[in-house]
Every structure is written in structure tokens, then in C-alpha cells.
J.: 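Dropping a structure here in C-alpha cells format, bear with me for questions.
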Amino acid sequence: GGKTSLLESIAAVTGAIARKGSVPAGNTLGDTSTEARARQMSVELNTLCTRYLDEEFTFLDCPGSIEFLGDTLNVLPGIDAAVVVCEPEPAKVAMLQPYLKRLSDAGVPHMVFINKFDKARDSLLALLAMLKDVSTRPPLLRQIPVWNQGVATGFVDLALERGFSYRPHAASEVTDIADVRREKQARFEMLEKLSDHDERLMEALLEEAEPSREEVFDDIRRELVDGQVMPVLIGSAEGDNGVRRLLKALRHDAPDVMAAAARAGVPAGETTVRILKTMYGGHGGKLSLVRVLAGHLKDGAVLHGAGGREARIGGIFALCGDKQIKRHA
């Protein structure tokens, strides 16, 4: 569904790279192995550490092909939330079922980003109907597209009640909502779905009272974290459209590390890490990708594994594609 292109877009939008690459050109941040370049598809995990609005994010781009599902399953215990990327085609959406089920079974909050929406030919309602069929969590539409001569040229954020017009490789521009009636209907349907798990919101809707923006955002976050809804966003990574809105959704709605620690049964206090993957790091030798679930890591510290095994940390790095950035903690 264009995950590698989405990772490239996130890297560009957040300033992690100065210039975007492309999959056909073979110069993307991720998929740097010879096999990935030759196949033009992800065959291994890609990692991006970056910052957005003064907060640090680590993105783990997992292979989308079912043959490499194991790589995806290994990282689930260490992540805060997942973004499932798909194309705007019902047949492609149907293929998401095994991934959505695994995420639900693992208790991982997840949302869907419908990529390449500028090339969409099927209705958004048809895509939502298919998502409903293949997911155990009801899809919650966060945006509706703005169409111009059959092409999606922007979107309306239903929680913000604000229209946006896409600009190539730049932040979307705020615009007036052209079809207010359509926006009101779509927003009401979103609120109605949220009210299934919020009696106070249900009462407000029955009384035709408008909930505050803060209440709406709080409900979206809580119901995402509790596994009661699966937010759906739209965009196009190729033009960097909708990517900033996705980043803001992750910044506001994704839970902190305590949720992942609770899923793993890790108590607060003593330093505990989860090894997600171990790989060969070139001249640096063996490199382990870990999630710190509790406490803090320091260079040179000794960790104790199962059966009393010990391992000394020989260096701490942040990863940006195949580049290692030295960290002290």
C-alpha cells in the first residue's frame, strides 16, 4: 500500500532527510538491502527515529507481504500503536484481515491510513464497508475527501470541522467547507459511533447539543486506546498529502509506553527492555533493536536475561534507515 513511500514522506516532513527518494529510483531511506531494491518491496524491518513538533517518534516499517509476517509479529509487543497502510481498492482492503486480526488479538491500538487517495476510483463508503467486514473493530472515519473533477484535492477533518486543500509537498491549506450538509452528516455519523461507548455523548446527541471539541478528541483517543474503534485517515504519501494530519493524530491519540508495558505485564521501576529484533550492524557487529518498557538504559550497563544470562550494552544508537546515530541514553 505504499508503506516505504509513507516512511519516506514522514522522514521528509519531519526533517530527517533533506530530499525524498522513491522506490522506483532505489534511493529511499528504507528498503536498502539488495533484495528489497531488486523486488521494489520491503523484505525486512525499516526503522526511522525522528522528531515532530518537539516530540520524538520511532517508526518501524514492517514488510507488508504475508511471507514476512513473522517480522511484523515480533515487534507488536513493543509498540504503542500501529498504522495499517492500504490502497483505495476494496480488493486490497480485503487482504488486511490477517494483520487487523493479529493487532486486535495483541491488544495494539491501530488506525488505517488509506494511501494513494489521489488515485482513488472506488467510493470511500465502499472502502469503509470492506474495512468493517475484515476488522473486529469498527472503522471510525476521521476525514472525508474534497473532490474536484473526480480527483481528491483536499479533505475535511470531521473532529476539527475544518476544510483543508492539498498542496504538493507542503502543509495543507485551510479552506472553507464547500458542502456543509455533507460534512455535518459525516460528522454526526462519527459522533454516533463514538457515543456507543460514551453515555454522556449519547445524551448530548439525543438533545441535539453540540459536544465540545475537547470532548470529541478525548473520546477518539480513549476509544482508540481501549480498542473500541479503528480511526481511518486518507492521504497520498507521494505528494506528502495528509501525512502531517496522520502525525498529529499519532501525537495526540497514541498511548504512552505504560500501555505497552501493561500489555507485557511489566511493572514500573526496574529497567526492563524487550528485544524486538537482532541483526548484523556492519562494522559494529551485532545490533539489537529494543524497546525500553520501564526504567532507563545507559551505555555500559549490564542487562540480565532468562536463565541468569548477562549482556553488557556496548553502545546505544538511534536508527535512521541504515544510518546509526550515537546516543548516550
Side-chain angles (χ1 to χ4, degrees), residues 1-53 55-65 68-69 71-76 78-88 92 96 99 103 108 110-119 168-171 231-251 253-254 276-277 279 287 289 291 317-325:
K3 291 185 300 78
T4 300
S5 297
L6 179 57
L7 189 73
E8 194 78 7
S9 179
I10 290 172
V13 166
T14 60
I17 57 175
R19 184 176 181 181
K20 286 178 65 176
S22 70
V23 173
N27 59 355
T28 53
L29 175 80
D31 293 350
T32 56
S33 70
T34 303
E35 185 177 0
R37 295 287 199 224
R39 293 174 177 266
Q40 294 194 359
M41 62 177 282
S42 299
V43 299
E44 59 198 0
L45 187 70
N46 297 307
T47 306
L48 167 64
C49 295
T50 188
R51 298 188 69 85
Y52 183 68
L53 298 179
E55 288 193 24
E56 189 170 38
F57 289 82
T58 298
F59 292 93
L60 305 178
D61 172 25
C62 300
S65 178
F68 305 105
L69 181 61
D71 226 22
T72 301
L73 298 180
N74 288 338
V75 308
L76 295 190
I79 63 175
D80 297 324
V83 178
V84 180
V85 185
C86 70
E87 296 181 44
K92 298 285 182 71
L96 299 180
Y99 297 95
L103 288 167
V108 176
H110 52 279
M111 59 183 69
V112 171
F113 182 76
I114 303 179
N115 195 13
K116 307 179 184 180
F117 208 82
D118 54 331
K119 298 178 175 64
H169 310 294
V232 178
L233 299 97
I234 60 175
S236 173
E238 186 176 337
D240 301 331
N241 300 139
V243 175
R244 289 171 178 82
R245 184 57 49 184
L246 172 64
L247 288 169
K248 288 177 181 177
L250 288 170
R251 183 174 182 263
D253 301 338
L276 306 181
K277 184 173 183 175
M279 51 206 144
L287 188 69
L289 180 68
R291 179 68 195 275
F317 303 88
L319 298 180
C320 187
D322 59 356
K323 183 170 66 175
Q324 301 176 19
I325 304 168

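All heavy atoms count here, side chains included; hydrogens, waters and symmetry mates do not. Residue numbers run from 1 in the order of the sequence given.
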J.: If you apply the rule side chain to side chain contact (heavy atoms under 4.5 Å, CB included), what do you find for K116 with K92, and how did you get there?
T.: CA-CA 12 Å; K116 307 179 184 180; K92 298 285 182 71; over 6 Å; no
J.: Would you name the heavy atoms of N27 and S22 that are closest together and state the gap between them?
T.: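 Distance-wise, the nearest heavy atoms are OD1-N, 2.8 Å.
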J.: Could you grab the distance from atom CZ of F57 to atom CG of L48, nearest 0.5 Å is fine?
T.: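 Between atom CZ of F57 and atom CG of L48 there are 11.0 Å.
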J.: So how far is it from H110 NE2 to L76 CG, rounded to the nearest 0.5 Å?
T.: 10.5 Å
J.: Checking T47 now: which residues fulfil side chain to side chain donor-acceptor pair (under 3.5 Å) with it, not counting sequence neighbours?
T.: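 T47 satisfies side chain to side chain donor-acceptor pair (under 3.5 Å) with no other residue.
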J.: How close do V43 and P63 get, heavy atom to heavy atom, and via which atoms?
T.: C-CG, 3.9 Å
J.: Please name the pair of heavy atoms, one in L246 and one in M111, separated by the smallest distance, quoted to 0.1 Å.
T.: CD1-SD, 3.9 Å
J.: Is the shortest side-chain heavy-atom distance between P231 and D253 below 4.5 Å?
T.: no
J.: Which value, rounded to the nearest 0.5 Å, describes the distance between I79 atom CD1 and T58 atom OG1?
T.: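 Reported to 0.5 Å precision, the distance equals 12.0 Å.
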J.: Only counting residues at least two apart or in another chain, list the ones meeting salt bridge (Lys or Arg N to Asp or Glu O under 4.0 Å) with E44.
T.: none
J.: For side chain to side chain contact (heavy atoms under 4.5 Å, CB included), just list the numbers for C49 and I325, CA-CA rounded to whole Å, side-chain angles, deciding distance to a tenth of an Å, and then say yes or no.
T.: CA-CA 9 Å; C49 295; I325 304 168; over 6 Å; no
J.: Would a distance-only check, ignoring hydrogens and angles, find a side-chain to backbone donor-acceptor pair under 3.5 Å from N115 to A237?
T.: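 Checking the backbone N and O of A237 against the side chain of N115, a donor-acceptor pair under 3.5 Å is found.
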J.: For C62 and T72, which heavy atoms make the closest approach, and how far apart are they?
T.: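 Here C62 and T72 meet closest at CB-OG1, 3.2 Å.
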J.: Do you know which two heavy atoms are closest between L96 and C86, and how far apart they sit?
T.: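 In terms of heavy atoms, the two residues are closest at CD1-CB, 3.7 Å.
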J.: Side chain to side chain contact (heavy atoms under 4.5 Å, CB included) between L289 and L60: does it pass, once the steps are laid out?
T.: CA-CA 10 Å; L289 180 68; L60 305 178; 3.9 Å; yes
J.: To the nearest 0.5 Å, what is the distance between CZ on R251 and CG on L53?
T.: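 Nearest 0.5 Å value for the CZ-CG distance: 4.5 Å.
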J.: Would you call N46 and T28 a side-chain contact if the rule is heavy atoms closer than 4.5 Å?
T.: no
J.: Is E87 atom CD crowded by more than 12 heavy atoms from other residues, nucleotides or ligands, each under 6.0 Å away?
T.: yes
J.: For residues 2-23, which residue pairs qualify under salt bridge (charged side-chain N to carboxylate O under 4.0 Å, His left out), counting only residues two or more places apart or in two chains?
T.: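 Only K3-D61, K20-D240 qualify under salt bridge (charged side-chain N to carboxylate O under 4.0 Å, His left out).
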J.: Between atom CZ of F59 and atom OG1 of T50, what is the distance when rounded to the nearest 0.5 Å?
T.: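 The CZ atom of F59 sits 7.5 Å away from the OG1 atom of T50.
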J.: Specify the closest pair of heavy atoms between F113 and S236, including all atoms of both residues, with the distance to one decimal.
T.: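 Heavy-atom minimum between the residues: CZ-N, 4.1 Å.
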J.: Check step by step if side chain to side chain contact (heavy atoms under 4.5 Å, CB included) holds for Q324 and L319.
T.: CA-CA 5 Å; Q324 301 176 19; L319 298 180; 3.7 Å; yes
J.: Check for a donor-acceptor pair, side chain of R37 on one end and backbone N or O of D31 on the other, with a separation under 3.5 Å.
T.: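 Present.
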J.: State the OG-CG distance between S65 and D71, to the nearest 0.5 angstrom.
T.: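 Going from the OG atom of S65 to the CG atom of D71 covers 11.5 Å.
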J.: Does I10 offer a backbone N or O that forms a donor-acceptor pair with the side chain of Y52 under 3.5 Å?
T.: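 Side chain of Y52 to backbone of I10: no pair is present.
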